[in-house]
There are 2 protein chains.
Amino acid sequence: MSNKSKPPLTLSQSQEDYLKAMYLLAGCGGIVHVRDVAEKLDVKKPSVVAAVKNLADKGLITHERYGSLSLTNKGKIIAAEVCERHRVLFEFFNKVLGVDKETAEKDACLVEHYISPDTKRRLFKFIEFVHRFPSEEKDPRWLDHFRSYMATGRTDICAGTKEKTV
Amino acid sequence: MSNKSKPPLTLSQSQEDYLKAMYLLAGCGGIVHVRDVAEKLDVKKPSVVAAVKNLADKGLITHERYGSLSLTNKGKIIAAEVCERHRVLFEFFNKVLGVDKETAEKDACLVEHYISPDTKRRLFKFIEFVHRFPSEEKDPRWLDHFRSYMATGRTDICAGTKEKTV
DNA sequence: ACTAAAAGTTAGATATGTCTAACAAATCAA
DNA sequence: TTGATTTGTTAGACATATCTAACTTTTAGT
């Protein structure tokens, strides 16, 4: 029985970005090239090569010299988690807070690297909650109220319409 | 008329952390030492000295050799903004999502560096909204529903207990 | 099959931000 | 006031992550 406890495998923001880019570029079984990653992340190829070496050492991707890149199962799992964090944040910023898509996207791209699993989970639940109540069809009334509040800065919705007929 | 347009003055995460630490340590006119900052941020003194030089060059703090540190007005304004972002995020994570204080604190510390002004503003409004509706005394009903949903994963509040007796 | 273009790699520079070790200044205690 | 302790600084190492320039390998066109 090996007593070497594996290190917790934390990735830097940069490393998560590379992994996510490869994951998204790969799509369903597609082939990923250094070139594509460089383009997607707007960095030069040597930067990608360095990152690739890094992630390969961590067992998250495989790479044969002068060949193509692919994610290991472990890499896919982690990349999917990053994407999920991104999605949840984007939804919250855009759908709930009403941040425009472009800004929501940028914020999500940065913030996704830093929220804890618990916060992510709760945010996920929150969005689920928003989408389900009172029905999947329309936003809950309180969200409409919030939007009004954002727009007008006024608090007269509740005062006037206190007991709402749902 | 000088045609040198001033650069937009963006701070790195690290720089914001140093500025915030000094701001909080200074409190109301208190004196801040390199030592204190190092302790607060859990770094060594030479790291603080490097950061101090950096922030002083940007006109955010002043520092006389072997003496104490103080924030300029500009520095105070920026530090206050960072603190505000922190507060807003903490409140949201803790009060709305129900994340435990420690985690909410950690998440806020990281995320505070990355949310855009607009997202911060909306989050601020959101929290204000939560605190005001239906009254300043108690949480809005939908938030109770969300908590239930978090706890039970069930969607039967609206269906079964539509009009909840609080 | 050969050559030119494209893609990948290496080496080495730069920037940031951290550290340790050694040194300098200030403060404190006797 | 002087010597020890604390505090601040400098120099230099290291890690990460980026870049450019030069090189190698692969691919594609003819």
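Numbers restart at 1 for each chain; the letters A, B, ... are given by sequence-line order, proteins then strands. Quick caveat: nothing in here was measured; it's all calculated off a predicted structure.
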Can a donor-acceptor pair be found between the side chains of A/D17 and A/H113 at a distance below 3.5 Å? yes
Among all residues two or more places apart in sequence or in another chain, which pass the side-chain hydrogen bond (donor to acceptor under 3.5 Å, both in side chains) test with A/K45? none
Those residues that, when tested against A/E64, pass side chain to side chain contact (heavy atoms under 4.5 Å, CB included) (two or more places apart): none
Quiz: residues 46-61 of chain A side-chain donor-acceptor pairs under 3.5 angstrom, not counting sequence neighbours:
unit_1 : atom_1 : unit_2 : atom_2 : d
A/N54  : OD1    : A/Q15  : NE2    : 3.1
A/N54  : OD1    : A/K58  : NZ     : 3.2

Can you tell me if B/S47 touches the phosphate of C/dC19, counting only side-chain N or O atoms and a distance under 4.0 Å to OP1 or OP2? yes
If a pair satisfies side-chain hydrogen bond (donor to acceptor under 3.5 Å, both in side chains) and one of its residues is in residues 73-83 of chain A, list it, with sequence neighbours excluded. none
Pick base, sugar-phosphate or nothing for A/V43, based on heavy-atom distances below 4.0 Å to the nucleic acid. sugar-phosphate
Acceptor/donor pairs from residues 34-41 of chain B side chains to any protein atom, 3.5 angstrom cut, sequence neighbours excluded:
unit_1 : atom_1 : unit_2 : atom_2 : d
B/R35  : NH2    : B/E39  : OE2    : 2.9
B/D36  : OD2    : B/H33  : N      : 3.0

For B/K95, all residues meeting side-chain hydrogen bond (donor to acceptor under 3.5 Å, both in side chains), sequence neighbours excluded: B/E91
Whole-Å gap separating C1' (C/dG17) and CG (B/L19): 17 Å
Which atoms of nucleotides 3-5 of chain C (N or O only) lie under 3.5 Å from a protein N or O atom, and what are those distances?
none

For nucleotides 2-17 of chain D, read 5' to 3', which letter fits each nucleotide if B means a protein heavy atom sits under 4.0 Å from the base, S means only the sugar-phosphate is that close, and - means neither? -----BBBBB-----S
I need the residues from residues 20-31 of chain A with at least one non-hydrogen atom less than 4.0 Å from DNA chain C; give them sorted by number, or say none. none
Looking at residues at least two apart in the chain, or sitting in another chain, which of them share a side chain to side chain contact (heavy atoms under 4.5 Å, CB included) with B/A104? B/F90, B/F93, B/N94, B/V99
Partners passing salt bridge (charged side-chain N to carboxylate O under 4.0 Å, His left out) against A/D118 (at least two apart in sequence or in another chain): A/R121, A/R122
Listed by chain and number, what are the ring-ring contact (aromatic ring centres under 6.0 Å, His included) partners of A/Y114, not counting sequence neighbours? B/Y114
